[in-house]
Amino acid sequence: MSNTKRQYNDNDTQDAALDFLVGGGEMAKLIREKDWSKTPLGPIEDWSQALRTTVSLALNSNFPINIIWGPGRVQIYNDGYWPICGDKHPHSMGQDYKECWFSAWDALKVPFENASCGQTDFLINQRMFLDRNGYLEETFFTFSLSPIRDETGNVGGLFHPVTELTQQTLAERRLKVVRDLADDTTEAKTVAQAGRLIAESLADDSLDVPFVLLYLLEVEGKTAHLAGSAGLAPDWAAALPIIAIDDPAQPWQLARAVRERQIVELKELEQQFGQTLACPPYPESVREAFVLPINVSGLQHPIGLLVAGVSPRREPDAPYRTFYQTLRDGVTNALTNARAYEEERKRAEALAEIDRAKTVFFSNVSHEFRTPLTLMLGPVEEMLTGSDSEVSPRAKGQLEIVNRNGLRLLRLVNTLLDFSRIEAGRVRATYQPTDLAAYTADLASVFRAAIERAEMCLLVTCEPLPQPVYVDRAMWEQIVLNLVSNAFKFTLAGEIKVGLRAEDQFAVLTVRDTGIGIAPEEMPRIFERFHRVENALGRTHEGSGIGLALVQELVRLHGGEIAAASQLGRGTMFAIKLPFGFMHLPADQISDVRGDKAVSLPPGSNPFVEEALRWLPEDDDQWTVATGQNLENELLTTDYRPPTIDTARILVADDNADMRHYVAGLLSTQYTVQAVADGQKALEAARENLPDLVLADVMMPRLDGFGLLNELRADERTRDIPIIMLSARAGEEARVEGLQAGADDYLIKPFKARELLARVGSLLMLTQMRQANKKYLEERDARRAALNVMEDAILAKEALRQSEEKYRTLFTSIDEGYVLCEVIFDENDQPLDLLYDFRKRIYHLNWMNQDIPFGQKWISLQSRLDLLHRFLSQGNPFLVNNVA
Ligand code: ADP
């Protein structure tokens, strides 16, 4: 056999010996090229069939598999396993398995030995540290080690399929870090506390966050204060408690993070700080860190900076960076939530302070009001009840108004005072066992007359209760009367039902009406102090919005609850639940004396009812003709005499009966007055019988003052009627609003009788003058139209002549040169002639001249002046008719 032939034969033999590697991918190539004679396995041709078969099997699998063969633990792996080796490959191919994975031997030893003894081991998500990339790397694997029997029946090697789960496991662990951070910081009430809680929470996550420093920045972004830290020894040099951001010597490049608002990555920390940065649990020094600015949208500077180390056993790869960004978001949330909470608390404290101040103010002011009011009401009442014959019937009527409204004011003041007392916790109640059914029925019935006069029905069904209820009688009266009075105010037709019954351990009061109802969006606010539903169509617009707030407080004082239900346009129901017994009430305010006396005030004199009666319409819509007899004393004693427009007819619209009567009474001394209770009636009255002037309150039911104004202005027939608005809304804005809406005048309550009469008088006079003027202008226009053109020309010529004469005189008396112009206008305000004086020569330029070079006979005055100016400045010749 020739050499060549033998060589071929050798090659053939070798090829046949390596057949098991066919289709084995990159690793098969490597295996083919490797000199196995230098390994304990010996030349590849000598490998046992068992080894060949196993290797072939492994190479043809996509799953990462390592075969560990023989006493020398020689490893042979496939393409799938190769990446697990990292930098160890290709040296790791054929290497001693133990030597190769020595850094993980703690985890591998037992399963390896078990498999070597013929027992398969399967480990799930085993944490181990591999030195495959130049550092000890934290990794996670699920693997099995199982024996391979060789031809002898002994364990010839191990079959070792492996799955790396490092990224999935780390992702889950890091997700938990972020979730825990959110949970651990929810209770933070201040930013400083949030800072501490963040650091505490992250202290448990040293595997991913070996150390953390949280700095909070001042508003100007100049100084950072350490709010929390974890992982670093407190005395560690770089954990400075305060850092001046602009200080070039500061350790963490915070200035850059503040300026760029971007994450800054710091490397080679050991070199930077000149000391190792070992943080548990690993002995190695932390090499890298991130500086993460905590940005809040809308703020120029970050509110804080998070300095966080990178685990020395992980690369800061893309998933790790994403984790830090998510962590930053979590920290931002925790801080901003705490900030919002802190601000909210400060706001609430400020509001509470204002509220306290308001309560004190109301309390003081109410006291101040009560004394003079009482002093005023005393004498008035005396005059009313006394037999003083000096008081004329008219004065008596007016004193009644004073008395009634004084009492109303006093009630309001008392309510305010009650309220502030309750708020300040100074109210003392006397809870007496009471037959609440009888008492409530009595109280409700106080309103019967008023309700029936309004052609409505009052149904009272107060069932006897199984036991007396402990109430403060005056407070219960306030509760019931307020609710019934509201029901009456906001119900124009139908019925009001007052019911009381026992329900379990409670007495339940219900006040139902068939009134206007309350819109759902208003319901949450009706018990708020001073809240009123705007434009509610009640019997009156009067009210302070304090009634329900007070009722709620009073119910609370009784340990009860109040609720409301309503349907817009259908009606409203208020329900109050009071517990039976007295255990829920303060012991020192309970009385044993049964409170079964009758209602404190007889129906006629109850201020609630008196007020309600004033909301009822009266038959007073007829015209009152002036008698001249009932002139007010005040008027007689002043020297003011309003212009009298003898036949003027005035329409007054005001929903407050007292105010309506008062104003009507005042005006009827001089005019014919009609008084109505709302805007709608006023509109109807005005359309039926045109008044000379309308005096309208702004706040009125059905149609308010502005509505009336709009309606009157929109109608051709009523458009020119002068209108004065009356309102309790003081202030320039209200006045401007009234006037802008097209009112001719605006009068703020309270006003003086004289002022009202003066305004009415002058407005009537003005209107009369306007009408006279209008008439004159109409006549003049008619006359003018009749004048012929010739007359106009003569007039114009005469004007021109006079003007020329004037300027000529002027010209001769002045030495200096100047320009004087006078324009003579025709009746259409078009310039007719222009006379001017230039350098002591008078020229008269007649623009009517046909020779004007502009092809236009009538050109605007401005164009003429411009033209003239050009002529004069250029010294050019121009058309001249007359040169003086
Ligand atoms: P006031 O009646 O003085 O305005 P309240 O505190 O008694 O103040 O009531 C607050 C608001 O609740 C009222 O302005 C009214 O809009 C609404 N309201 C109260 N009771 C009723 C009711 N029975 N029907 C409709 N609206 C009501």
Side-chain angles (χ1 to χ4, degrees), residues 362 366 405 407-420 422-423 443-444 447 450-451 454 456-460 475-499 509-556 562-576 606-616 655-656 697-702 704 728-729:
F362 280 142
S366 308
N405 287 283
L407 285 172
R408 186 171 153 222
L409 197 57
L410 192 60
R411 187 167 79 78
L412 202 68
V413 165
N414 282 341
T415 309
L416 278 176
L417 202 59
D418 286 347
F419 206 93
S420 35
I422 293 173
E423 287 223 317
L443 286 170
F447 267 91
I451 293 173
M456 283 171 35
C457 194
L458 173 69
L459 294 171
V460 183
M475 289 184 187
W476 188 249
E477 179 178 322
Q478 284 264 17
I479 292 172
V480 176
L481 294 186
N482 254 302
L483 292 183
V484 181
S485 148
N486 270 351
F488 182 57
K489 195 192 308 187
F490 297 106
T491 307
L492 302 178
E495 60 187 25
I496 295 170
K497 282 187 186 166
V498 180
L509 167 76
T510 50
V511 178
R512 248 177 238 268
D513 64 53
T514 53
I516 58 164
I518 301 167
E521 66 274 14
E522 290 286 347
M523 289 298 282
R525 301 199 60 195
I526 54 169
F527 293 107
E528 271 176 29
R529 222 185 335 168
F530 304 122
H531 180 74
R532 308 193 65 219
V533 178
E534 275 199 21
N535 301 322
L537 195 76
R539 290 183 181 277
T540 174
H541 265 278
E542 288 168 5
S544 54
I546 200 168
L548 286 181
L550 179 68
V551 167
Q552 188 180 43
E553 291 298 332
L554 294 175
V555 170
R556 275 193 197 139
I562 181 164
S566 187
Q567 250 188 310
L568 208 54
R570 304 285 300 273
T572 306
M573 183 188 85
F574 286 91
I576 289 172
N606 189 301
F608 273 99
V609 180
E610 282 204 19
E611 202 176 319
L613 283 169
R614 307 298 299 166
W615 306 329
L616 288 172
D655 61 329
N656 180 302
D697 187 21
V698 170
M699 304 274 276
M700 286 186 293
R702 302 218 290 160
D704 70 8
R729 280 175 65 203

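Quick caveat: nothing in here was measured; it's all calculated off a predicted structure. As the structure lists them, so they are numbered: ligands from 1, and atoms in each ligand from 1.
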(message) Between ligand 1 and Phe490, is the shortest N or O to N or O distance under 3.5 Å?
(response) no
(message) Tell me which pairs pass ring pair (Phe, Tyr, Trp, His ring centres under 6.0 Å) where either residue lies in residues 511-530, with sequence neighbours left out.
(response) Phe362-Phe530
(request) Return yes or no for this condition: an N or O of Gly547 is under 3.5 Å from an N or O of ligand 1. (result) yes
(message) I want to know if ligand 1 touches Gly545 in the polar sense, i.e. an N/O pair below 3.5 angstrom.
(response) yes
(request) Check the pair Arg411, Glu611 against salt bridge (charged side-chain N to carboxylate O under 4.0 Å, His left out), reporting the backbone distance first and the verdict last. (result) CA-CA 10 Å; Arg411 187 167 79 78; Glu611 202 176 319; 2.7 Å; yes
(message) So for ligand 1, is Asn486 a polar contact partner (N or O within less than 3.5 Å, distance only)?
(response) yes
(message) Would you compute the distance between atom CE of Met699 and atom CG of Asp704 and round it to the nearest 0.5 angstrom?
(response) 8.0 Å
(request) Check each heavy atom of Ile518 against ligand 1 and say whether those closer than 4.0 Å belong to the side chain, the backbone, both or neither. (result) side chain
(request) Validate the cation-pi geometry between Arg539 and Phe490: distance from NZ or CZ to the six-membered ring centre under 6.0 Å, angle to the ring axis within 45°. (result) no
(message) Measuring from atom CD of Glu522 to atom CZ of Arg532, what distance do you get when rounded to the nearest 0.5 angstrom?
(response) 11.5 Å
(request) Examine distances only and state if a side-chain atom of Asp513 and a backbone atom of Thr572 form a donor-acceptor pair shorter than 3.5 Å. (result) yes
(request) Tell me which protein heavy atom sits closest to atom 4 (O) of ligand 1, plus the residue, atom name and distance to 0.1 Å. (result) Arg532 NE, 2.7 Å
(message) Tell me the contacting part of Val533 for ligand 1: side chain, backbone, both, or neither, using a 4.0 Å heavy-atom threshold, strictly below.
(response) both
(request) Over all heavy atoms of both residues, which pair between Leu483 and Phe574 is shortest? Give the atoms and the distance, please. (result) CD2-CG, 3.9 Å
(request) Examine ligand 1 and decide if any of its atoms is less than 4.0 Å from a heavy atom belonging to Phe574. (result) yes
(message) Could you identify the single nearest non-hydrogen protein atom to atom 10 (C) of ligand 1 and state the distance to 0.1 Å?
(response) His531 O, 3.4 Å
(message) Just to check, does Ser544 reach to within less than 4.0 Å of ligand 1 when the distance is taken from its heavy atoms?
(response) yes
(message) Under 4.0 Å from a heavy atom of Ile526: which atoms of ligand 1 are those, numbered in the order shown and with their elements?
(response) 12 (O)
(message) Under 4.0 Å, counting heavy atoms only: does Lys489 come that close to any atom of ligand 1?
(response) yes
(message) Treating Ser566 as the side-chain partner and Gly571 as the backbone partner, does any N or O pair qualify as donor plus acceptor under 3.5 Å?
(response) yes
(request) Examine the proximity of ligand 1 to Val551 and report which part, side chain or backbone, both or neither, has a heavy atom under 4.0 Å away. (result) neither
